[in-house]
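Data block below; observations after.
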Amino acid sequence: MSLEITHDTIIEDLVSAYPKSVVYLMDHGIRCLRCGEPIWGTLASAMEEKNIPVERQHELVQGLRDYLLQASSQDTGKDA
């Protein structure tokens, strides 16, 4: 299973499709909810706003995919 999450993924779409992504993003300093309203923009724009270097951005996007795959396998009771 592969998740189509990239730097260009719109945060509102990501959170809608993968609600658990909120935990990962917030743990990494990317607030994807403000006052209950989704942030507009892409993962890249949110990371740039936080001055996260490009190299680290790639790591965070891959880490998000891995996190969601692991969460999904735990939900279904299967190994990742």
Side-chain angles (χ1 to χ4, degrees):
M1 179 176 164
S2 173
L3 300 179
E4 295 297 322
I5 298 171
T6 69
H7 290 79
D8 296 324
T9 298
I10 297 170
I11 291 178
E12 184 179 22
D13 295 342
L14 174 68
V15 171
S16 178
Y18 304 102
K20 290 184 179 187
S21 63
V22 172
V23 173
Y24 180 88
L25 294 174
M26 292 190 69
D27 283 350
H28 290 86
I30 302 168
R31 303 232 181 254
C32 47
L33 295 174
R34 288 186 187 156
C35 302
E37 295 297 322
I39 289 178
W40 300 105
T42 63
L43 282 172
S45 64
M47 290 186 283
E48 288 168 6
E49 182 179 299
K50 295 294 183 184
N51 297 316
I52 297 172
V54 173
E55 303 80 33
R56 181 75 177 124
Q57 290 180 26
H58 295 293
E59 293 171 11
L60 288 174
V61 171
Q62 184 58 52
L64 175 59
R65 288 186 205 117
D66 295 344
Y67 173 83
L68 292 172
L69 284 171
Q70 183 178 17
S72 175
S73 69
Q74 289 175 351
D75 288 346
T76 60
K78 298 178 184 174
D79 290 331

What is the minimum heavy-atom distance between [X] and [Y], and which atoms define it?
X   : Y   : result
T6  : R65 : CA-NH2, 4.2 Å
L68 : S21 : CD2-N, 3.8 Å
A71 : K20 : CB-CD, 3.8 Å

Pairwise distance OH(Y67) to CG(L25) - rounded to 0.5 angstrom: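 One finds 9.5 Å between OH of Y67 and CG of L25.
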Distance from E48 atom CD to T42 atom OG1, nearest 0.5 Å?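 With rounding to 0.5 Å, CD (E48) is 7.0 Å from OG1 (T42).
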Before giving the answer on side chain to side chain contact (heavy atoms under 4.5 Å, CB included), spell out for Y24 and H28 the whole-Å C-alpha distance, their side-chain angles and the decisive distance to 0.1 Å. CA-CA 6 Å; Y24 180 88; H28 290 86; 3.2 Å; yes
Note, Y18 side chain near I5 side chain (heavy atom, < 4.5 Å):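 In short, these two side chains touch, coming nearer than 4.5 Å.
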Go through the steps for D66 and Q62 under the test side-chain hydrogen bond (donor to acceptor under 3.5 Å, both in side chains), then give the verdict. CA-CA 6 Å; D66 295 344; Q62 184 58 52; 2.9 Å; yes
Report the C-alpha distance between L43 and I11 in whole Å, list the side-chain angles of each, state the deciding distance to 0.1 Å, and finish with yes or no for side chain to side chain contact (heavy atoms under 4.5 Å, CB included). CA-CA 6 Å; L43 282 172; I11 291 178; 4.2 Å; yes
Please state whether the rings of H7 and H58 are parallel, tilted or perpendicular, taking 30° and 60° as the class boundaries.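 Because their plane-to-plane angle is over 60°, the rings of H7 and H58 count as perpendicular.
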